[in-house]
Protein chains: 2
Amino acid sequence: MTEQSTEPRPTLEAVAARAGVSRATVSRVVNGGDGVREPLVERVRRAVEELGYVPNQAARSLVTRRHDAVAVVIAEPETRVFADPFFALQLRGISKELTAHDSQLVLLLTEGRDDHARVARYLAGGHVDGALVFSLHLDDPLPGLIRGVPTVYGGRPGWRDGSRGAVYVDSDNRGGAREAVRHLVGLGRRRVAHITGALDQTSAVDRLDGYRDVMVDADPGLTVESDFTLGGGERAMRELLDRCPDLDAVFAANDLTAAGALRVLRERGRRVPQDVAVVGFDDMLPFTEQADPPLTTVRQDIEEMGRLMARLLLRGLERTGAASARAGEDVAEAPSSVVLPTTLVRRASA
Amino acid sequence: MTEQSTEPRPTLEAVAARAGVSRATVSRVVNGGDGVREPLVERVRRAVEELGYVPNQAARSLVTRRHDAVAVVIAEPETRVFADPFFALQLRGISKELTAHDSQLVLLLTEGRDDHARVARYLAGGHVDGALVFSLHLDDPLPGLIRGVPTVYGGRPGWRDGSRGAVYVDSDNRGGAREAVRHLVGLGRRRVAHITGALDQTSAVDRLDGYRDVMVDADPGLTVESDFTLGGGERAMRELLDRCPDLDAVFAANDLTAAGALRVLRERGRRVPQDVAVVGFDDMLPFTEQADPPLTTVRQDIEEMGRLMARLLLRGLERTGAASARAGEDVAEAPSSVVLPTTLVRRASA
DNA sequence: CGCCCGCTCGGGAGCGCTCTCAACGACCGG
DNA sequence: CCGGTCGTTGAGAGCGCTCCCGAGCGGGCG
């Protein structure tokens, strides 16, 4: 392992001495250089360069109370998270946005219940400026434990009392589901079934609601609860076929579920899309394109969701910290939740 | 967005006042309580509890020069990373181990070349105690830029000069490949082809070497270069079939590539495994189990790799920082690289 | 009985930085 | 020509913590 170099890193003091100015001046230059005359700026810059000076973040945080770091909390009791590229893409979007604002990403993965306390303590400890939280489940205790830390949620939190002012970024799950089902109906399908996702997640609930919006008088037997997994999709599809052999379309809560459905349909000798049309949700590439037949699905821009979450949080932080805002300047609005549109991607399965 | 509470967080001083002791004593209790008599410990603990005191990490780091944080660097010029659960699982292993040692995980994703400098600067800035680096590509400039930060690599770094003492954790790619090919040979296959991974990654090179170890005199035409992707696997399989129509087995550098191969084989009317046996690499679940036919593949324990990387790094840090080690106590060995075994998982495809 | 040692505890310095405030010129208007 | 003002710089305090050192106090041993 590469060893830690023992030579001490240069301090502000050292740079000041070398440049022949005071610590305060060096500090000013390092932090943008406002109010320092050009020749001095130049001299300080050179000294910084020569000494390879890098500010000590700990010392800085100690006085500024800013950390230039944001926690990303992924409460993840199940392994499903890692079965699709959802979080990876989201992280990527978040990372991009944070990097652009010189903020670091502190990743907090939880393992079971006890861990929630740990995460809450960490957040309360003021190590980070804010938090981005993926609250997957309706009964997740975490949101209740987070106090005093600006937070943006990924996906609408499922609180009974109407998500009391929480800021979140979500896809238009309900609208997307509606579009998917309308598409199936537009194809002339009348017996449109729905395989739900795990109904302790708002995304699954919203997609189910979207389905119901269009299929107002649908046979309740055409809806079967599942869990967003491939195996779950298979099981659900078998149950549906047994119960309603005359169904002519399936709207699955996500692509993985749709994949399970496709497999069972083939197994039972139904042709897709001739006998049964299938629509998924997510547009999980390259899987959807490579499926047999290529899957018609509802696309959501996952990376953009991540980017937006970060942007919302950072904007909120700026606002709070903007004591220095000039009078007369518009104070930025408190950020509010955003619901991103979805688009139906038509391929061969419906 | 939940607003930042403005009431100031209690300091050591406040706890000391409440408990009627000095700052130093509170500090001792907070850091383990050695050398403080029981009744005092109790009183301090209660004061901490009542005030909800949480140590200010910035202040602490300022003097201790420890951060209890480790950077995870993912140099990721391609999107392949997010197509399989590789990094997610690795991260999970890392996270588990770090959590157990009260360390935080700072995630650094890079976007293109300029970002390497940013990452290097951050690491040099002494924000973290060490780094875990996934150095995917042979020509990756990052390892050269990392100075003075204890580092453990994920996967053998591909330096020409023999990886000069770098500590890494890797799977036994070569051995795993050998086992896979031997299995095919054991099945009576004589024309065993290999679809390589992206050969600018050591894992791909090592798997190719493993293949060659067994197929010493193989027709060079049976090896075709690819890139670890599904589409790449398809292309490679087509090329192979055109070139060597008589092949009776394929060892693909990973499961995704194998999936592409399976698809093309079906398309061309070859039965798997009767006409052509196929083995993959990774055991990427649930995909391998659900493939048609279920894929025989070489499993590597990705999560364990992550955990091990973190453990190695932390052990190295302890060693360096263990100035307080009692004389006579064995000084821990400098950690050295670990190569994890792989196992062949036999399913239907070979 | 006295001395010395070891265990507890508190005092205080200082980690590297930011930020306020005062000092100092230069410059402008009256 | 002088007072006021603004722009530029430096001095110094202090963020919350750790850790060194020395004071105080028993207790064991000679």
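Only this structure's heavy atoms are used, side chains among them; waters, hydrogens and symmetry mates stay out. All figures in this text were calculated on a predicted structure; none of them were measured in a lab. Just so we're on the same page: letters track the sequence lines, and every chain starts at 1.
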Chi angles and distances behind the side chain to side chain contact (heavy atoms under 4.5 Å, CB included) call for B/L340, B/L308: CA-CA 10 Å; B/L340 291 171; B/L308 213 49; 3.7 Å; yes
Working for side chain to side chain contact (heavy atoms under 4.5 Å, CB included), residues B/L108 and B/I74: CA-CA 6 Å; B/L108 266 35; B/I74 302 187; over 6 Å; no
Ring center gap for B/F134 and B/Y153 short of 6.0 angstrom: no
Atom-pair distance (CG on B/D34; C1' on C/dC9), nearest Å: 15 Å
Below 4.0 Å: OP1/OP2 of D/dT9 and any side-chain N or O of A/T25: no
Per-nucleotide protein contact string for nucleotides 16-28 of chain C, where B marks a base within reach and S marks sugar-phosphate only (heavy atoms under 4.0 Å, - for neither): BBBB---------
Between D/dG10 (C1') and A/R37 (CZ): distance, integer Å: 14 Å
A/V152 vs A/R311 side-chain heavy atoms within contact, under 4.5 Å: no
Step-by-step side chain to side chain contact (heavy atoms under 4.5 Å, CB included) determination, B/M309 to B/Y168: CA-CA 7 Å; B/M309 286 177 69; B/Y168 62 84; over 6 Å; no
